[in-house]
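All values below were derived from every heavy atom in this structure, side-chain atoms included, with hydrogens, water molecules and symmetry-related copies excluded.
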Amino acid sequence: MVKYFKDGEADVMGVIAGNDILELSENSDRAIKLVRKAVRQDRISMDRIDESVKKILTAKYWAGLNVRDSINERNVVADVNRPSSLVLLQKLADASMTLLRGKANIKQLSKDRRTVIISLGTPGVTEFQRDLGTYYKNSVFYTLDRNANAAAIAKVLRYINVFDQVIIGIHDTRIRPGNGMILSNDLKMFIKDMSLSNAIFALFANPYNLSALPGLENSRGLIVAYQKEDFMQKAAASVIKNQLIPTGRLPVTVNTFFKYGDKD
């Protein structure tokens, strides 16, 4: 929606459309000011605001939030990150893996062949690389941050031809994995060129970013892993190690190449 309604207008339109709560505002302070302005301009009635407030207060009352409760703050981090929760989190990540290209090509990967594992968009070695490195013993890591220029890419290209297998992770390191991921033009060209080789790709980003990475539709292997967290990187690595059968389907239509419900 923010693509079509700029500068906070999407927040106002969301309220006008009937939303009681706006969960992911680009700027909450701005949204509050604009909604108040819309009320003064009679674009939104106070009755409409009162209706939403009543719904919210009713939901809070139903949840028991009207009764003050004490919270035990001891071991909060440990309780939230208990082993059973982490196991569930990994299961959910595993179930989300979406293979769009290259089922047969991934099956042909061999742990004994010389393998180069590259992470793009991040300055340091990733969990994706470390996990794959424990399986592909004869492997080398390279990283190219999101602003990598032609000179930096050329240093990596200089060595790629000596490897039998190429695995590339594309990482969106932002906290919120939205569209509009920033990668240098040189890096995008590198992705396009490598898509014509034997490279297998994993996208750790919002799938809408596929539309800004032309060439991936021709790749020999493409996994959509949706976000940057380590549990997603481990899940994608498990697919490439042929230890996990991906069952996810693309939840959105990106363009003519990648459509809702797609899977290989």
Side-chain angles (χ1 to χ4, degrees), residues 93-110 113 115-122 126-129 131-132 135-136 139 141-144 146 153 156-157 160 163-173 177-183 187-229 231-264:
D94 292 348
S96 74
M97 291 298 104
T98 304
L99 178 62
L100 295 180
R101 298 284 186 278
K103 180 189 296 183
N105 294 325
I106 289 176
K107 286 183 178 179
Q108 292 174 2
L109 292 173
S110 170
R113 291 178 185 158
T115 305
V116 59
I117 307 168
I118 307 170
S119 279
L120 308 181
T122 176
T126 62
E127 179 62 31
F128 180 62
Q129 291 172 298
D131 193 309
L132 287 173
Y135 182 79
Y136 295 99
S139 62
F141 302 158
Y142 290 107
T143 60
L144 291 165
R146 66 182 187 178
I153 294 170
V156 175
L157 285 171
I160 282 183
F163 294 96
D164 304 311
Q165 301 174 151
V166 181
I167 301 170
I168 301 175
I170 304 172
H171 302 256
D172 185 352
T173 58
N179 55 1
M181 179 174 61
I182 298 172
L183 295 175
L187 211 51
K188 290 181 180 179
M189 183 58 67
F190 173 72
I191 292 171
K192 185 175 183 179
D193 291 342
M194 294 308 298
S195 294
L196 299 175
S197 70
N198 65 337
I200 302 295
F201 290 86
L203 179 71
F204 301 101
N206 185 305
Y208 281 117
N209 288 289
L210 288 168
S211 63
L213 299 172
L216 287 178
E217 68 276 5
N218 300 315
S219 62
R220 288 174 56 82
L222 175 60
I223 300 164
V224 177
Y226 300 102
Q227 58 193 66
K228 65 182 178 66
E229 279 70 22
F231 49 84
M232 303 300 280
Q233 296 187 46
K234 290 178 181 178
S238 293
V239 174
I240 294 174
K241 291 185 292 185
N242 286 299
Q243 296 173 349
L244 172 68
I245 298 174
T247 58
R249 292 181 178 271
L250 198 63
V252 295
T253 292
V254 177
N255 53 28
T256 57
F257 302 111
F258 304 112
K259 298 180 180 179
Y260 171 81
D262 279 357
K263 64 171 293 188
D264 190 0

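In terms of heavy atoms, L187 sits closest to G121 at CD2-N, 4.3 Å. Considering every non-hydrogen atom in both G215 and S195, the closest pair reads O-CB, 3.1 Å. For the residue pair P207 and V224, the shortest heavy atom distance occurs at CB-CG1, 4.1 Å. Shortest non-hydrogen contact noted between M232 and A93 is SD-CB, 3.5 Å. Contact detail for A199 and I168: the closest heavy-atom pair is CB-CD1, 4.0 Å. M97 and A236 make their closest contact through SD-N, 3.5 Å (heavy atoms, listed as atom of the first residue, atom of the second, distance).
In this structure, L222 CG and I170 CD1 are separated by 7.5 Å, a value rounded to the nearest 0.5 Å. Between D264 atom CG and L250 atom CG the span is 12.5 Å, to the nearest 0.5 Å. The distance from the OG atom of S139 to the CG atom of D164 is 12.0 Å, given to the nearest 0.5 Å. Residue T173 holds its OG1 atom at 13.5 Å from CD of Q227, rounded to the nearest 0.5 Å. We find the CE-CD1 distance between M194 and I153 to be 11.0 Å, quoted to the nearest 0.5 Å.
Q129 meets the side chain to side chain donor-acceptor pair (under 3.5 Å) test with S119, T126; sequence neighbours excluded. Residues that satisfy the salt bridge (Lys or Arg N to Asp or Glu O under 4.0 Å) test with D193, not counting sequence neighbours, are absent from this structure. Take D94 and apply the side chain to side chain donor-acceptor pair (under 3.5 Å) test, not counting sequence neighbours, and it matches Q90. Looking at residues two or more places apart in sequence or on another chain, you find a side chain to side chain contact (heavy atoms under 4.5 Å, CB included) between V156 and I118, Y142, L144, I160. Taking the ring-ring contact (aromatic ring centres under 6.0 Å, His included) definition, one finds that F204 meets it with F128, H171, sequence neighbours left out. Applying the side chain to side chain donor-acceptor pair (under 3.5 Å) rule to N255 yields no partners; only residues at least two apart in sequence or on another chain are considered. In this structure Q165 satisfies the side chain to side chain donor-acceptor pair (under 3.5 Å) test together with T115, sequence neighbours excluded.
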Report the C-alpha distance between K263 and L99 in whole Å, list the side-chain angles of each, state the deciding distance to 0.1 Å, and finish with yes or no for side-chain contact (heavy atoms from CB on, under 4.5 Å). CA-CA 6 Å; K263 64 171 293 188; L99 178 62; over 6 Å; no
Would M181 and D172 satisfy side-chain contact (heavy atoms from CB on, under 4.5 Å), going step by step from the backbone distance to the final call? CA-CA 6 Å; M181 179 174 61; D172 185 352; 3.3 Å; yes
Between V116 and F141, does the side-chain contact (heavy atoms from CB on, under 4.5 Å) criterion hold? Intermediate values first, please. CA-CA 6 Å; V116 59; F141 302 158; over 6 Å; no
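Applying the salt bridge (charged side-chain N to carboxylate O under 4.0 Å, His left out) test to pairs two or more places apart or on separate chains, those with a residue in residues 232-259 are D131-K241. Residue pairs satisfying the ring pair (Phe, Tyr, Trp, His ring centres under 6.0 Å) criterion with at least one member in residues 238-264, sequence neighbours excluded, are absent. Residue pairs meeting the side chain to side chain donor-acceptor pair (under 3.5 Å) criterion with at least one partner in residues 209-226, sequence neighbours excluded, are T98-Y226, N105-R220. The salt bridge (charged side-chain N to carboxylate O under 4.0 Å, His left out) pairs that include a residue from residues 95-108 number zero, where partners must be two or more places apart or lie in different chains.
Side-chain atoms of E127 do not come within 3.5 Å of backbone N or O of F231 as any donor-acceptor pair.
No more than 12 heavy atoms of other residues, nucleotides or ligands shown are found within 6.0 angstrom of CD1 on I245.
Side-chain contact between L210 and L203: present, with at least one pair of heavy atoms (C-beta onward) separated by less than 4.5 Å. Side-chain contact between I191 and L216 is present, with heavy atoms from C-beta onward closer than 4.5 Å.
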